Amino acid sequence: MTSCSYGLDDEAAARQALASDLRILPHVIAGIRSSLFRRHLELNVRTATPLLDIISRSERIDLTAMIERIRPPLSWPRVPLSTNLRSEMLGLEWDFGFEPGAIFRRHRRGGLIARWDGAGGNVLGVRIIKDSIELTVVDGGLMLDTFDGFARLWLESPLPRTLAIAMPGRSISQLVEHRWFSGSDWPVVSVREKRIGATAIIFETGLVTWRLPTATDLEGTIGW
């Protein structure tokens, strides 16, 4: 009788241990995925829009801390983060819009809304496309999105045709006065009037070398 009772006690303890392990399993898996995702970013993200550094310095944003807040999508790594066929097929016209739903859609996979004022007048979003970090920014009346070495500036009204024709080839800093464009020589490549009466000014920024610091890089450093 004693041995039977001992066996039942062992089974109960084993069930409790199993239940405890199963409860923490999702957290363990999430931790492993986060560590692997961080390593993926360290090894594979190698470029960024130059506006990333300009805006982060202007707004006093810790870039490393911001990028580290990006979480792996549920489909990763089964669906590689570096693949964004919709972006590649539609290029500069990809999911273009600055209403709240469009901004959230752009950043729900491999992205992060780092700043949102509630009214949508002060927005900063970062996302990873292929091996590069891209931005979506709303700064008052300025609405900007980047993709693969280009930026798109959205105007809520159409431009006079003569002005739109004269823009390509000129620097965006000559045409739009804003602290983020000051001193830049990024040329306008096209001006596109949208069907809703707005205008998209597309200019070429190129890409700059960028990588997420590793734990070894950060050893012995203080702050940003």
Side-chain angles (χ1 to χ4, degrees), residues 37 41 45-73 76 81-157 172-173 175-176 178-182 184 186 188-192 194 196 198-208 210 212:
F37 186 68
L41 299 186
V45 175
R46 286 294 177 262
T47 60
T49 170
L51 282 159
L52 182 71
D53 183 64
I54 292 170
I55 293 174
S56 66
R57 291 182 182 278
S58 172
E59 304 301 309
R60 298 182 180 276
I61 295 170
D62 185 331
L63 269 182
T64 299
M66 180 171 63
I67 301 304
E68 284 180 336
R69 289 170 56 198
I70 298 177
R71 293 293 175 258
W76 185 88
L81 192 64
S82 60
T83 299
N84 197 320
L85 294 178
R86 188 161 186 246
S87 297
E88 293 172 5
M89 287 188 297
L90 300 182
L92 291 173
E93 294 300 315
W94 174 65
D95 199 19
F96 191 80
F98 288 91
E99 63 276 7
I103 292 176
F104 278 107
R105 282 196 303 274
R106 272 205 291 284
H107 297 82
R108 66 186 175 188
R109 186 174 185 277
L112 169 76
I113 304 294
R115 180 179 297 173
W116 185 279
D117 69 354
N122 184 2
V123 178
L124 174 62
V126 292
R127 65 193 188 280
I128 299 167
I129 299 180
K130 297 187 289 186
D131 60 353
S132 187
I133 299 179
E134 305 291 354
L135 285 174
T136 297
V137 184
V138 179
D139 182 55
L142 182 140
M143 293 175 281
L144 182 75
D145 199 17
T146 70
F147 176 77
D148 199 24
F150 292 86
R152 300 168 287 187
L153 183 64
W154 181 264
L155 304 178
E156 291 287 1
S157 58
I172 189 68
S173 62
L175 304 168
V176 179
H178 195 278
R179 64 189 184 281
W180 296 339
F181 302 153
S182 178
S184 72
W186 301 322
V188 173
V189 295
S190 67
V191 179
R192 303 179 184 180
K194 315 304 288 185
I196 60 175
T199 303
I201 301 175
I202 300 170
F203 56 98
E204 186 174 4
T205 62
L207 294 169
V208 296
W210 191 91
L212 184 66

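Treat the numbers as computed from the prediction; the structure is a model and nothing was measured.
The shortest heavy-atom contact between A48 and L52 is CB-CD2, 3.7 Å. Closest non-hydrogen pair, P73 versus G110, comes out as CG-N, 3.5 Å. Residues P50 and G206 share a closest heavy-atom pair of CD-O, 3.1 Å. Of all heavy-atom pairs spanning L112 and R69, the tightest one is CD2-CB, 3.7 Å. Between L135 and R127, the closest heavy-atom pair is O-NH1, 3.5 Å. Listed here is the closest heavy atom pair of M66 and A114: SD-CB, 3.5 Å.
Here the straight-line distance linking atom CZ of R192 with atom OG1 of T199 works out to 12.5 Å at 0.5 Å rounding. Remark: I172 CD1 to L144 CG distance equals 9.0 Å, nearest 0.5 Å. Atom CG of residue L124 and atom CD of residue E59 lie 8.0 Å apart, to the nearest 0.5 angstrom. I128 CD1 to W76 CH2: the interatomic distance, rounded to the nearest 0.5 Å, is 10.0 Å.
In this structure, the side-chain contact (heavy atoms from CB on, under 4.5 Å) partners of R108, at least two apart in sequence or on a different chain, are R105. In this structure W180 satisfies the ring-ring contact (aromatic ring centres under 6.0 Å, His included) test together with H178, sequence neighbours excluded. Listed by chain and number, the residues in a side-chain hydrogen bond (donor to acceptor under 3.5 Å, both in side chains) with E204 amount to none (sequence neighbours excluded). Contacts of R46 classified as side-chain hydrogen bond (donor to acceptor under 3.5 Å, both in side chains), with partners at least two apart in sequence or in another chain: none. Take I67 and apply the side-chain contact (heavy atoms from CB on, under 4.5 Å) test, not counting sequence neighbours, and it matches L41, I70, V126, I133, W210, L212. Remark: T47 pairs with D131, S132, L207 by the side-chain contact (heavy atoms from CB on, under 4.5 Å) rule, at least two apart or across chains.
Relative ring orientation between W154 and F98 is described as tilted, the plane-to-plane angle lying within the 30° to 60° band. The aromatic rings of W116 and F104 sit tilted relative to each other, their planes meeting at an angle between 30° and 60°.
With contacts defined as side-chain heavy-atom distances shorter than 4.5 Å, the pair I103/I113 qualifies. Inter-residue side-chain proximity for V176 and F203 is flagged as unmet; no heavy-atom pair is nearer than 4.5 Å.
A donor-acceptor contact shorter than 3.5 Å is absent between the side chain of N122 and the backbone of D117. Between the S56 side chain and the D53 main chain, a donor and an acceptor come within less than 3.5 Å of each other.
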- Take W186 and L51, measure what side chain to side chain contact (heavy atoms under 4.5 Å, CB included) needs, and give me the verdict at the end. CA-CA 11 Å; W186 301 322; L51 282 159; 3.8 Å; yes
- Item | Derivation and outcome, side chain to side chain contact (heavy atoms under 4.5 Å, CB included), residues L175 and I201 | CA-CA 10 Å; L175 304 168; I201 301 175; 5.7 Å; no
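Inspection of the T49 and E134 side chains reveals no N or O donor paired with an N or O acceptor under 3.5 Å.
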